[in-house]
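The next block holds one structure in the form of C-alpha cells; read it before the comments.
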Amino acid sequence: AQSVTQPDIHITVSEGASLELRCNYSYGATPYLFWYVQSPGQGLQLLLKYFSGDTLVQGIKGFEAEFKRSQSSFNLRKPSVHWSDAAEYFCAVGASKTSGSRLTFGEGTQLTVNP
Amino acid sequence: DTEVTQTPKHLVMGMTNKKSLKCEQHMGHRAMYWYKQKAKKPPELMFVYSYEKLSINESVPSRFSPECPNSSLLNLHLHALQPEDSALYLCASSQGQGIGSPLHFGNGTRLTVT
C-alpha cells in the first residue's frame, strides 16, 4: 500500500528566507505525487504535481518540487517565502491511473512565517 | 476564489436532526468527491461519484448518504450523526476520475454535532 510521510509537523521561517518542506513516499511503482496547500478556513489548492518526465516541477506561487526516486522523496521548495505562504501543506501520492481519486495524504506541515 | 461552491459554510445540528450539505461546480467536471477533515489532520476520502454514479464508498456509516442529482451538483445527507462526526466536510471535483485529473476543492462546510 502507498504511504506518505511528512517528517516536519511545524516549520517556522522568516519572510524572505528559503523554504524546503520534506515529503517521503512509499510505493513500489512510479508514484503520482502532489503538493496541496490549505489556508485557514479554506479548501485545498493544488500547488504542483509530478507524473513523469522532468524530475523538477514548477508550480504556482513560485513553488517547485524535485522528485528523487533514489530517496523516495518529493520535497517542496521556495527560494523566498512571503507572509501569505503561511498555511498547511500536504503532500499526496496516488498509486496509478486506475486508482484515480484514492490519493493518500501525508499528515501535513504547518508553515509559520515570521515578519 | 474557488470554483467549487459549498453551502452552508457552517452548520450546527443535533444528533436527531436531518440536514444536507450541498456542493456545486460548473467546470464540466465529471467526478465529484466528499472528504472529511478533522482538525490538524489530512482529508479522508468518503465518497466518489463518476459520471453521476457512485463509484467509491470508503466504508462510510449509513448516517451519511450521498446524492448526485446531476453532473454539477453533489449533496451529502446527514441523519442521526454523532458528536465525533464534527469536522470540516470538503467537496472536490476533477475532470475525470483518473489520477491525472487533479482535484479542485471547495472551502468546505464546518459541521458541529451537538
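Just so it is clear: chains get the letters A, B, ... in the order the sequence lines come, proteins before strands, and each one is counted from 1. Small disclaimer: the values here were computed from a predicted structure and weren't measured. Note: hydrogens, waters and symmetry copies are ignored here, and every other heavy atom, side chains too, is used.
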Nearest atoms (heavy-atom pairs only) where A:G106 meets B:P42 |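 The pair with the smallest heavy-atom distance is O-CB, 3.2 Å.
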Identify the heavy atoms of A:G43 and B:N107 that sit nearest to each other, and give their distance.
->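 Between these two residues, the closest heavy atoms are N-OD1, 3.3 Å.
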Can you confirm whether [X] is buried at [atom1], in the sense that more than 12 heavy atoms of other residues, nucleotides or ligands lie under 6.0 Å from that atom?
X	atom1	value
B:K18	NZ	no
B:M27	CE	yes
A:H10	NE2	yes
B:K36	NZ	yes

In Å and rounded to the nearest 0.5 Å, what is the [atom1] to [atom2] distance from [X] to [Y]?
X	Y	atom1	atom2	answer
B:K41	A:F105	NZ	CZ	14.5 Å
B:K40	A:I9	NZ	CD1	11.0 Å
B:L103	A:F34	CG	CZ	7.5 Å

Given the rule that I, L, V, M, F, W and Y join up when any side-chain heavy atoms are under 4.5 Å apart, are [X] and [Y] in one cluster?
X	Y	answer
B:Y49	B:L90	no
A:L111	A:F74	yes
A:Y36	B:M32	no

Which atoms of B:E58 approach chain A - backbone, side chain, both or neither, heavy atom under 4.5 Å =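 The side chain, not the backbone.
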Would you mind checking which part of B:Q37 comes under 4.5 Å of any heavy atom in chain A, side chain (CB onward), backbone (N, CA, C, O), both or neither?
->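 For B:Q37, side-chain heavy atoms alone lie under 4.5 Å from chain A.
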A:E88 versus chain B, the contacting section by heavy-atom distance below 4.5 Å |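 Looking at A:E88, nothing touches chain B.
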Heavy-atom distance under 4.5 Å to chain B: side chain of A:Q38, backbone, both or neither?
->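 Side chain of A:Q38 only, per the 4.5 Å heavy-atom cut-off to chain B.
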Which is it for B:L45 and A:L103 under the side chain to side chain contact (heavy atoms under 4.5 Å, CB included) test, yes or no, and what are the steps along the way?
-> CA-CA 8 Å; B:L45 182 64; A:L103 290 181; over 6 Å; no
